[in-house]
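Have a look at the structure below, then the notes.
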Amino acid sequence: MASSTGIQGDDFRYLIVRPDKGGIWDVLKYSLRGDIECGSKFLESSDQGVVGGEAADHRWIILVSIVARRIIHFLGKPMELTGYGVDFFLNLLSQNGSLFGLFYNLLRGDIVIPKRGTETFISTIGHLDERMDLYQAKNLVGDLHNSTPGEGIKNVELDDRATMDLCMMASKLAYENAEVVRNVVVHHWKQLMTLKSACLQRMQMHFVDFYDCWDGPFLFNGALIPFVIGNHFIDYQKKKSTQVFLLCDKPKDATLILISFRGTEPFDADDWSTDFDYSWYEIPNLGKLHMGFLEALGVGNREDTASFHYHLQKRGTKHCYPEAAKVESSNEGPHSEGSAGIDKKGIPPEMLEMSAYYVVREKLKTLFEEHKNAKYIVTGHSLGGALAILFPIVLVLHDETNLLQKLLGVYTFGQPRVGNKQLGRFMEAHLNHPVPKYFRVVYCNDLVPRLPYDDKTFLYKHFGVCLYYNSCFIEQKMDEEPNKNYFGITHMIPEHLIAIWELIRSLTMGYTHGPEYKEGWFSIFLRVLGLSMPGIAAHCSVNYVNSVRLGKSDMPAAGPAIVFALKFSLVCNSVCKLFSPCITTSILLVSSYQYYPCQQ
């Protein structure tokens with residue numbers, strides 16, 4: 001098999017790490033001695049050479065992956081119950097005004113009970129950062145000329161700062177339910193200032209659709225369908241776990257379409273397990289891709305590895321999801337010609353769902369028929385960022401030339417690694433010309449962009465332009481964020497010092513930068529908990545929103561950064577006298593010095 005993308009051959013290889021298989025002694029023997037027989041009990045591969053070769057070279061990180069995923073699996077149900085409780089409690093407080101308001105309403109017998117799935121029920125991520133409105137530049141023209149990141153995005157005729165903010169706010173909004181998303185886009189994002197033909201104009205954001213998709217479509221008698229009938233039913237996570245929504249900049253003649261994938265939910269064990277998964281699938285001449293992320297995008301299932309081969313290759317005939325497995329809401333008739341004789345009788349309606357990749361791709365094609373001059377941006381935070389960059393990767397595999405030409409850019413925030421170095425080289429050839437289109441935004445000590453592990457032994461590598469922000473919101477362009485694997489002993493003390501500084505900063509932001517930057521009690525509480533493991537608190541969306549809105553371009557040397565830190569500490573100390581100026585200043589110096597580019 002050959003294609004214009006240069007991908008050919010049928011030698012698709014894979015490695016699946018199954019933490020539920022094998023015993024603890026099998027894992028230890030394989031980790032310590034490289035015992036292939038023991039490794040084969042919890043490792044599944046396309047050939048024995050993978051287990052005894054590449055996997056054996058990476059067996060220590062496989063051990064970490066197995067241990068982490070077993071712990072996450074053990075805590076899965078408690079995490080889920082905790083998440084339900086936290087969500088309900090936070091909404092109970094907010095919908096009743098406050099803790100005082102809750103007690104007052106309770107005494108009156110007029111307590112408001114939050115209802116899931118409504119436009120007033122906000123997620124935990126939403127409560128960490130309650131801002132909903134988009135960035136409004138005080139001097140739009142000045143921002144356009146002074147901001148440098150993302151030259152490839154300027155064709156959308158939005159200033160860079162507003163574009164990045166739109167992407168970040170959409171990434172944060174993707175954590176909410178469909179009604180909240182619709183309400184925010186329609187009522188809060190009505191007017192976004194844009195510069196067009198040297199005139200200030202307003203555009204009204206238009207909500208397109210929201211999708212709650214199943215993981216992993218698969219094959220049945222050669223037909224592409226999102227479920228299997230009878231005894232052949234296979235499902236990876238056995239639930240809807242991939243959310244994505246689309247919007248346009250206006251209802252008619254839109255110039256911008258935005259796609260936002262939901263990220264890792266804080267209490268979803270499956271999402272965290274995916275982040276720590278070491279399983280991969282290799283495509284000849286392209287590279288290795290993270291198998292868990294491919295499943296979340298809906299282009300394969302590890303229980304039927306042939307499904308990856310089916311979805312991740314160029315089609316000899318038109319590869320159209322609706323033609324292969326169109327799911328009608330009326331629940332009538334067969335799915336497609338390829339599934340003739342297979343009806344939907346006895347199949348629960350909730351199983352009749354499409355995969356994220358195919359539903360978004362087909363919706364894009366429909367939108368471009370309606371909006372001829374539109375281009376699109378793909379974005380996401382955390383796991384959503386991984387899905388955002390995988391989407392154009394699969395478009396390249398499918399030779400979707402028209403859609404790729406319409407791609408304006410990919411902005412990800414706190415995104416984990418999705419593949420190896422070979423994949424990066426392959427995709428940079430498609431995303432860097434004529435201008436860079438892929439930008440990874442990373443905040444300071446965020447743990448997630450440092451996963452899965454990467455060093456000279458291991459295979460996962462980032463690619464694209466990294467827009468890195470330190471704890472003082474100083475922005476710098478680089479290929480890779482500092483301390484790329486997080487768990488380095490030399491970085492442990494600075495990481496904790498910066499976490500202390502971030503806690504202090506959260507208490508003063510409302511005074512130093514304005515009321516919209518004031519952090520609530522829940523966000524501050526998480527920062528206190530994050531002192532034990534700074535990378536978790538650093539992953540919160542509030543840091544990324546602040547970085548985009550307050551970010552400043554990098555300075556030529558460490559000296560000005562230290563001067564900035566000293567000035568900033570004086571402001572903080574004047575507002576918050578409870579903290580020692582010496583301690584605050586020292587933390588700021590470590591923050592600016594340790595993570596400044598000329599010091600790396």
Side-chain angles (χ1 to χ4, degrees), residues 134 152-153 155-158 162-163 166-167 169-171 173-174 178-179 181-186 189-192 194 196 201-213 226 242-262 297-299 315 318-329 353-380 384 387-412 430-431 437-438:
L134 296 173
I153 297 297
N155 294 330
V156 78
E157 295 175 326
L158 286 171
T163 301
L166 172 62
C167 290
M169 294 300 287
S171 299
L173 185 60
E179 294 305 314
V181 173
R182 183 190 303 271
N183 178 62
V184 170
V185 172
V186 172
W189 293 3
K190 279 185 177 181
Q191 297 177 343
L192 179 66
T194 180
K196 191 171 185 179
Q201 296 187 1
R202 297 181 185 273
M203 58 185 183
Q204 183 174 1
M205 289 297 177
H206 172 64
F207 175 76
V208 176
D209 217 333
F210 178 98
Y211 302 102
D212 198 358
C213 304
T242 302
Q243 292 178 188
V244 58
F245 76 90
L246 291 85
L247 61 83
C248 296
D249 60 353
K250 45 191 172 182
K252 294 183 179 180
D253 298 323
T255 57
L256 174 66
I257 299 169
L258 187 138
I259 305 165
S260 180
F261 287 92
R262 192 210 71 190
L297 191 62
V299 289
R315 322 308 295 177
K318 186 177 180 182
H319 182 52
C320 181
Y321 182 84
E323 292 176 358
K326 188 170 183 179
V327 180
E328 302 290 351
S329 58
E353 302 291 338
M354 292 176 276
S355 76
Y357 168 75
Y358 290 104
V359 71
V360 171
R361 191 187 71 175
E362 296 309 312
K363 187 63 178 181
L364 266 182
K365 291 179 179 180
T366 302
L367 289 172
F368 286 135
E369 291 177 1
E370 183 179 350
H371 309 286
K372 302 294 185 182
N373 299 319
K375 292 190 176 184
Y376 68 101
I377 295 176
V378 193
T379 190
L387 301 182
I389 186 58
L390 279 177
F391 182 75
I393 290 175
V394 181
L395 289 180
V396 171
L397 288 171
H398 288 171
D399 273 355
E400 294 286 354
T401 307
N402 292 336
L403 290 182
L404 289 169
Q405 289 175 346
K406 294 278 190 177
L407 176 63
L408 193 60
V410 179
Y411 265 118
T412 68
H430 291 82
L431 296 178
K437 294 182 179 180
Y438 172 36

CD-NE2 distance between E369 and H371, expressed to the nearest 0.5 angstrom
11.0 Å
I want to check something: taking the side chain as every heavy atom from C-beta on, are L397 and V299 in contact at a cut-off of under 4.5 Å?
no
What residue among L407, L404, T401 forms side chain to side chain contact (heavy atoms under 4.5 Å, CB included) with L395?
L404
Take the angle between the ring planes of F391 and Y376 and call it parallel below 30°, perpendicular above 60°, tilted in between.
perpendicular
Please lay out, stage by stage, how N402 and F368 fare under the test side chain to side chain contact (heavy atoms under 4.5 Å, CB included).
CA-CA 10 Å; N402 292 336; F368 286 135; over 6 Å; no
Does the plane of the ring in Y357 sit parallel, tilted or perpendicular to the ring in H398? Use 30° and 60° as the thresholds.
perpendicular
Distance check, rounded to the nearest 0.5 Å: L367 atom CG versus C248 atom SG?
5.0 Å
Would you say that F207 contacts V184 through its side chain, given a criterion of any heavy-atom pair below 4.5 Å between the two side chains?
no
State, yes or no, whether a side-chain contact exists between V378 and V360 at a heavy-atom distance under 4.5 Å.
no
Are W189 and L173 close enough that some pair of their side-chain heavy atoms sits under 4.5 Å apart?
yes
Under the side-chain hydrogen bond (donor to acceptor under 3.5 Å, both in side chains) rule, collect the residues that match up with D209, sequence neighbours excluded.
Y211
Hey, what do you get for NE2 (H206) to CD1 (I257), rounding to the nearest 0.5 Å?
10.0 Å
If we check side chain to side chain contact (heavy atoms under 4.5 Å, CB included) with L258, which of these qualifies: L246, L166, D249?
L166
Is there a side-chain contact between E400 and K365, using heavy atoms and a 4.5 Å cut-off?
yes
What's the shortest heavy-atom distance between G298 and Y358, and which atoms?
O-CE1, 3.9 Å
If I compare all heavy atoms of L408 with all of K437, which pair ends up nearest, and what's the gap?
O-CG, 3.9 Å
Give the minimum heavy-atom separation between R361 and L403, together with the two atoms involved.
CG-CD1, 3.6 Å
Write down the atom of V410, the atom of A388, and the distance for their closest heavy-atom approach.
CG1-O, 4.0 Å
Under 3.5 Å donor-acceptor, T242 side chain and L297 backbone:
no
Exercise: identify the closest heavy-atom pair between H430 and V396:
NE2-CG1, 3.7 Å
OG of S260 to CG of L387: how many Å apart, nearest 0.5 Å?
10.5 Å
What closest approach, in Å, do F245 and A170 show between heavy atoms, and which atom pair accounts for it?
CE2-O, 3.5 Å
